[in-house]
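We name chains A, B, ... by the order of the sequence lines, and we start the count at 1 in each one. Computation of the quantities below employed the complete heavy-atom set of this structure, encompassing side-chain atoms and omitting hydrogens, waters and symmetry-equivalent molecules.
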2 protein chains.
Amino acid sequence: MKETKLRFYKSLGLKLTPQRLAILEYLEDNRTHPSAEDIYNALKPNFPSMSFATVYNTLEVLRKKGLVKEINVEGVRKRFDAFTHPHNHFFCKNCKKVIDIESKQDITIPEELKDCEINEYQIIYFGICSECRKKQD
Amino acid sequence: MKETKLRFYKSLGLKLTPQRLAILEYLEDNRTHPSAEDIYNALKPNFPSMSFATVYNTLEVLRKKGLVKEINVEGVRKRFDAFTHPHNHFFCKNCKKVIDIESKQDITIPEELKDCEINEYQIIYFGICSECRKKQD
DNA sequence: CTAATTGCAAAAATTTTGCAGGACT
DNA sequence: AGTCCTGCAAAATTTTTGCAATTAG
């Protein structure tokens with residue numbers, strides 16, 4: 001991992017344990033929106049002793065620092081996204097894939113919410129992705 | 001429940017058991033976006049023997065018929081919505097309230113999704129609702 | 001050295017499933 | 001009558017928690 005990134009993480013007050021670095025590295029530039037289990041499985045080869053508790057703890061810490069966002073599209077399972085620029089998502093109901101959508105949309109804050117504090121918003125498109133469509137034929 | 005509604009439900013091929021009617025009645029015009037447990041608790045007084053299995057079974061049947069939608073905003077817990085006209089939602093991160101947003105927004109289908117089948121989309125606004133804001137002061 | 005983090009195991013929370021008996025049409 | 005539905009209990013899935021041992025700063 002790059003020196004500048006390491007310094008950035010340290011500057012946030014994060015203790016940089018090997019496990020955390022591995023999780024951060026796995027999430028960086030990862031656009032698959034992994035679940036906690038995906039992360040756990042991906043890192044298990046290099047960290048056979050790592051536990052789910054560490055994955056969840058780390059994700060929660062990163063979420064509080066704004067480095068990771070939770071995506072709730074799949075019902076039971078949470079998905080995690082380290083791409084934190086504002087963007088939207090497509091969710092394939094068939095293969096459960098989540099695709100980043102970066103096209104801008106002009107959204108105005110609804111009148112109904114004028115007294116609310118809005119921290120963010122996102123559009124979720126639900127449907128069947130192109131790969132799954134082909135397979136259905 | 002109105003006769004016309006009963007006929008409508010029957011016309012969908014639903015067996016109208018007392019439990020189902022109670023769940024349907026509870027959900028009709030209910031804009032609180034209840035969880036399965038909320039529904040269970042609300043009906044328990046009248047149906048002390050009803051089980052979670054029945055709640056979940058019924059919700060799944062209604063979802064397949066398009067009468068109920070799942071809302072995934074809260075992470076672990078699913079919320080259910082029987083107001084099926086296209087609309088958006090606000091989620092209060094503090095009190096977990098979900099508010100229907102009916103203001104229209106002009107959304108175009110993004111270029112990235114031109115080969116996908118889009119069944120629906122929705123905007124979710126995240127923030128703090130007006131009631132919670134007042135309490136924070 | 002100190003506070004934060006890890007790993008383990010157990011618990012919690014939510015949803016799903018199998019099956020026998022019962023109810024709706 | 002036949003199929004679908006209910007209720008119970010157990011299981012499955014995902015996430016959270018308590019605590020002792022370890023580690024980063």
Do H89(A) and Q122(A) have a side chain donor and acceptor closer than 3.5 Å? yes
Between R79(A) and V61(B), name the one whose nearest nucleotide on DNA chain D is closer to the 5' end. V61(B)
5' priority, DNA chain C, between S35(B) and P18(B) [closest heavy atom]: S35(B)
Between K15(A) and dT22(D), is there a side-chain N or O to OP1/OP2 distance below 4.0 Å? no
Side chain of T17(A), heavy atoms from C-beta onward: which of dT15(D), dG25(D), dT5(C) has the nearest atom to it? dT5(C)
OP1 or OP2 of dT13(D) less than 4.0 angstrom from a side-chain nitrogen or oxygen of R77(A), does that happen here? no
Of the candidates dT17(C), dT25(C), dT17(D), the side chain of N57(B) sits closest to dT17(C)
Below 4.0 Å: OP1/OP2 of dG7(C) and any side-chain N or O of Q19(A): yes
So, D38(B) and S35(B): side-chain donor and acceptor under 3.5 Å apart, yes or no? yes
Side-chain heavy-atom pair F91(A), K96(A) within 4.5 angstrom cut-off: yes
Using the side-chain heavy atoms of K10(B), tell me which of these nucleotides is nearest: dT25(C), dT6(D), dT16(D). dT25(C)
Whole-Å distance between dT14(C) C1' and Y40(B) OH? 14 Å
Starting at atom CG of N41(B), determine the distance to atom C1' of dT14(C), rounded to an integer number of angstrom. 13 Å
Over how many whole Å does the gap from N72(B) atom CG to dT14(D) atom C1' extend? 14 Å
Side chain of S51(A) only, heavy atoms from C-beta on: which candidate in dC8(C), dC24(C), dG7(D) is closest? dC8(C)
Ion pair check, K69(B) and D81(B), cut-off under 4.0 Å: no
Look at the side-chain N and O atoms of K78(B) and state whether any lies under 4.0 Å from the OP1 or OP2 oxygen of dT16(C). yes
Spacing of R7(B) atom CZ relative to dT25(C) atom P, expressed in whole Å: 14 Å
Could you pick out which residue, Y56(B) or M50(A), lies toward the 5' side of DNA chain C when each is mapped onto its nearest nucleotide? M50(A)
Assess the pair H85(A) and F83(A): is the distance between their ring centroids shorter than 6.0 Å? yes
